[in-house]
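Notes follow once the structure below has been shown.
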Amino acid sequence: MYVCGPTTYNFIHVGNARMFVVFDMIRRYLMHKGYDVRYVQNFTDVDDKIIKRGKEEGMEPLVLGQKYIEEYFKDATALNILPATVHPKATEHIPEMIEIIQGLISSGLAYEVEGDVYFAVDHFPNYGKLSGRTLEDMKAGARVEVDERKHHPMDFALWKNTKPGEPAWKSPWGMGRPGWHIECTAMSLKYLGAGFDIHGGGGDLVFPHHENEIAQTEGYLKGETFAHFWMHNAFLTINQEKMSKSLGNFFTTRELLEKFPGEVIRFYLLGTHYRSPLDFDDQNLVMAQKGLERLQTSIRLAQQALERVGSSNNDRIEAELFKAAIEAREAFGKAMDDDFNSALAYATLFELAKTMNGYVQENPAPSKGLQEAQKTLIELGEVLGFDLLHPAPARVEKDEILNQVMEIVLQIRLRSRQKKDWEMADFIRDALKDKGIIIEDTPQGARWQIKK
RNA sequence: GGCGGCGUAGCCAAGUGGUAAGGCAGAGGUCUGCAAAACCUCUAUUCCUCAGUUCAAAUCUGAGUGCCGCCUCCA
């Protein structure tokens with residue numbers, strides 16, 4: 001599959017992150033189903049916006065592009081997005097682009113004007129098939145000033161003549177740089193070939209980006225199918241309005257990561273079906289955080305029960321837990337098979353967690369059934385990209401020495417409690433809570449965890 | 001103006017013909033020295049409005065209404 005990656009002129013914002021998380025989830029599910037997924041995600045590291053931004057910051061455009069490629073990987077890692085099989089860069093595929101443009105010119109689908117090369121949309125019969133519009137419709141509503149040199153107002157640039165101070169490459173039409181869409185054609189054909197399975201991206205890429213990609217690619221391939229399926233995610237909105245860089249109403253993923261762990265942001269982003277708009281709001285993030293914690297708590301309670309000495313010999317419990325695990329797998333698969341309905345899949349995780357909690361409550365002892373249920377929950381969580389066994393806050397500083405110290409602290413507190421010295425017991429609990437360590441008393445003794 | 005999408009409880013959110021998943025918040029209860037977590041019970045006679053099709057509609061059709069998106073760089 002090919003997913004349109006970022007144009008690297010800035011940090012990615014949360015709306016961009018939604019797309020990367022969504023397609024990562026799709027990829028992970030396909031892998032889970034046993035597909036050998038070849039996942040290509042490009043970097044568009046040369047374009048108007050990068051050049052503009054480079055000038056503003058007094059930075060070489062190509063250096064700026066490289067910088068934000070590196071920043072992308074930091075955010076992607078925090079969101080537990082798997083690296084693509086290949087991450088090709090536009091600037092490293094100029095010769096491939098030139099070859100395609102030449103092919104288009106020789107078949108009469110493109111023409112050169114003063115060092116620019118344009119694609120002739122009215123020579124491509126299916127133009128508009130993806131976005132469901134016709135050249136007539138678009139002409140009527142055109143809000144762009146028409147470049148008189150174009151044969152048709154909707155013709156788009158494949159190659160742009162160089163301007164002073166801009167990055168440029170040598171081409172048969174003189175020095176210049178590629179147009180916006182051609183890099184995806186060049187890189188997808190190079191790494192996947194014609195007729196690959198899935199081409200994905202954000203909904204705002206349907207037109208013109210993907211429409212133009214189809215036109216130039218299928219034109220170049222003489223009608224052969226470019227991609228079999230096109231998938232687009234809906235937008236992230238803020239106060240019901242699209243979060244976008246041009247409206248300025250965006251938060252970078254980096255900013256948000258200072259407030260919430262990456263896994264919470266991911267959990268929030270996948271809590272709504274990918275084709276539905278998702279409204280961004282801190283309150284919604286908090287709700288997502290609580291929901292994710294519920295699943296993590298369930299795994300933790302099960303883990304504690306499994307680490308205990310002894311075993312449960314309750315056949316009913318065993319049978320129920322095995323049954324719950326099987327049902328969860330089935331329901332999860334059914335939800336995900338239906339257009340990657342991660343929101344519905346969540347419900348199956350919560351239901352399994354609830355069943356596990358119920359039995360842990362009744363009999364907190366190791367059992368095969370509990371082990372199976374816990375394993376299932378962890379595996380299904382992993383398919384969506386969550387590590388439920390190792391929550392982010394606790395993933396940090398929990399080392400062996402701390403474990404030993406906490407064991408002593410809990411013993412001291414236990415003695416206080418045995419002497420009914422509630423003041424001391426509560427002081428220990430409250431003081432540790434300030435430091436992010438939560439103590440909980442249970443009939444089986446006190447337990448503790450780190451919570452940022 | 002052209003094209004498309006959406007409107008489900010206090011909030012988030014599944015559900016595209018068979019009688020409203022799940023989460024958050026809230027109420028009551030169990031447990032507990034207290035707290036937390038967990039568990040149990042409760043919380044939409046109803047899915048923006050009206051009309052229609054059907055034995056049956058949140059789901060289909062029509063009209064209305066509100067919101068959003070694309071048509072210009074954007075994931």
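Numbers restart at 1 for each chain; the letters A, B, ... are given by sequence-line order, proteins then strands. As a basis for the values below, the full set of heavy atoms in this structure was taken, side chains included, without hydrogen atoms, waters or symmetry mates.
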Identify whether the distance between the nearest side-chain nitrogen and carboxylate oxygen of A/Asp421 and A/Lys419 falls below 4.0 Å.
no
Using a 4.0 Å heavy-atom cut-off, does A/Thr272 contact any base of the nucleic acid, only the sugar-phosphate backbone, or nothing at all?
sugar-phosphate
Can the positive tip of A/Arg254 be found less than 6.0 Å from the middle of the six-membered ring of A/Phe11, inside 45° of the ring normal?
no
B/G22 base stacked by A/Tyr346? Criteria: ring centres under 5.5 Å, plane angle under 30°.
no
Which nucleotide, B/C39, B/G33, B/A14, lies nearest any side-chain atom of A/Asp426?
B/G33
Please report, rounded to the nearest Å, how far the C1' atom of B/C39 is from the CD atom of A/Glu362.
10 Å
Should A/Arg294 be listed as having a side-chain N or O under 4.0 Å from OP1 or OP2 of B/C39?
yes
Should A/Glu213 and A/His199 be marked as a side chain to side chain contact (heavy atoms under 4.5 Å, CB included) after you check the CA-CA gap, both sets of side-chain angles, and the distance that decides it?
CA-CA 11 Å; A/Glu213 268 188 57; A/His199 191 131; 2.7 Å; yes
Opposite nucleotide pairing with B/U41, Watson-Crick or G-U, both atom distances under 3.5 Å:
B/A27
Measure from NZ or CZ of A/Arg18 to the centre of the six-membered ring of A/Phe235 and say whether it is under 6.0 Å with the direction within 45° of the ring axis.
no
Would you say A/Asn357 places a side-chain N or O within less than 4.0 Å of OP1 or OP2 belonging to B/C39?
yes
Looking only at atom P, what distance separates B/A9 and B/C48, rounded to whole Å?
8 Å
Over all strands shown, is A/Asn341 touching base, sugar-phosphate only, or nothing at heavy-atom distances under 4.0 angstrom?
sugar-phosphate
Roughly, in whole Å, what's the span from CD1 in A/Ile437 to C1' in B/A36?
16 Å
Selection from B/A75, B/C67, B/A13 that lies nearest to any side-chain heavy atom of A/Gln240
B/C67
Select base, sugar-phosphate, or nothing to describe what A/His13 touches, counting heavy atoms under 4.0 Å on all strands.
base
Ignoring hydrogens and geometry, is there a side-chain-to-backbone donor-acceptor pair from A/Gln216 to A/Thr185 under 3.5 Å?
no
Just call it for A/Gly132: base, sugar-phosphate, or nothing, with non-hydrogen atoms closer than 4.0 Å on any strand.
sugar-phosphate
Checking contacts here: which listed nucleotide (B/C34, B/C70, B/A75) is nearest the side-chain heavy atoms of A/Lys245?
B/A75
Counting distance alone, no hydrogens or angles: does the base of B/G5 have a donor or acceptor under 3.5 Å from a partner atom on the side chain of A/Arg275?
no
Could you tell me how far B/A58 sits from B/G52 if I compare only their P atoms? Round to whole Å.
15 Å
Choose from B/G15, B/A13, B/G33 the nucleotide whose nearest atom is closest to any side-chain atom of A/Ala343.
B/A13
Would you say A/Gln41 and A/Met187 make side-chain contact, with heavy atoms under 4.5 Å?
no
Pairwise C1' distance for B/U49 and B/U43, with rounding to whole Å:
26 Å
In whole angstrom, what separates A/Gln444's CD from B/C31's P?
15 Å
Could you let me know what B/G33 is paired to, Watson-Crick or G-U wobble, both distances under 3.5 Å, or none if it's on its own?
none
Does the A/Glu183 side chain pair with the main chain of A/Thr44, one donor and one acceptor, at a distance under 3.5 Å?
no
Between A/Lys242 and B/C70, is there a side-chain N or O to OP1/OP2 distance below 4.0 Å?
yes
Ignoring the backbone of A/Met19, work out which of B/A75, B/A21, B/G33 is nearest its side chain.
B/A75
By nearest atom, which of the nucleotides B/G33, B/C71, B/A37 is closest to the A/Arg429 side chain?
B/G33
A/Glu241 has a side chain; which of B/A75, B/G69, B/G23 sits nearest to it?
B/G69
When only distance counts, do a donor and an acceptor, one from the side chain of A/Asp441 and one from the base of B/C34, lie under 3.5 Å apart?
yes
Donor-acceptor pair (no angle test) under 3.5 Å: A/Gln361 side chain, B/A38 base:
yes
For A/Glu351, answer base if it contacts any base atom (sugar-phosphate contacts may also be present), sugar-phosphate if it contacts only those atoms, and nothing otherwise; contact means non-hydrogen atoms under 4.0 Å.
sugar-phosphate
Just checking A/Phe20: base, sugar-phosphate only, or nothing, at a heavy-atom cut-off of under 4.0 Å?
nothing
Which of the following nucleotides, B/A75, B/C39, B/A14, is nearest to the side chain of A/Asp204?
B/A75
When rounded to whole Å, the OH to P distance for the pair A/Tyr9 and B/A75 reads 6 Å
Among B/C70, B/A75, B/A14, the one nearest A/Arg133 by side-chain distance
B/C70
Return the value, rounded to whole Å, for the distance between atom CG of A/Leu130 and atom P of B/G4.
14 Å
Is B/C67 paired to anything, Watson-Crick or G-U wobble with both distances less than 3.5 Å, and if yes, which nucleotide?
B/G5
Rounded to whole Å, please give me the gap between CG in A/Leu295 and C1' in B/G22.
11 Å
What's A/Leu205 touching, base or sugar-phosphate or nothing? Going by heavy atoms closer than 4.0 Å.
sugar-phosphate
Rounding to the closest angstrom, what is the interatomic distance between B/C47 and B/U8 at atom P?
11 Å
Taking the side chain of A/Leu236 as heavy atoms from C-beta outward, which of B/G33, B/A75, B/G23 is closest to it?
B/A75
Hey, does the Lys NZ or Arg CZ of A/Lys89 hover above the aromatic six-ring of A/Phe43, less than 6.0 Å from the centre and inside 45° of the axis?
no
So does A/Lys433 get a side-chain nitrogen or oxygen closer than 4.0 Å to the phosphate oxygens (OP1/OP2) of B/A36?
no
From CD of A/Gln283 over to P of B/G26, roughly how many Å is that when rounded to an integer?
12 Å
Span that lies between the P atom of B/G15 and that of B/A21, in whole angstrom:
14 Å
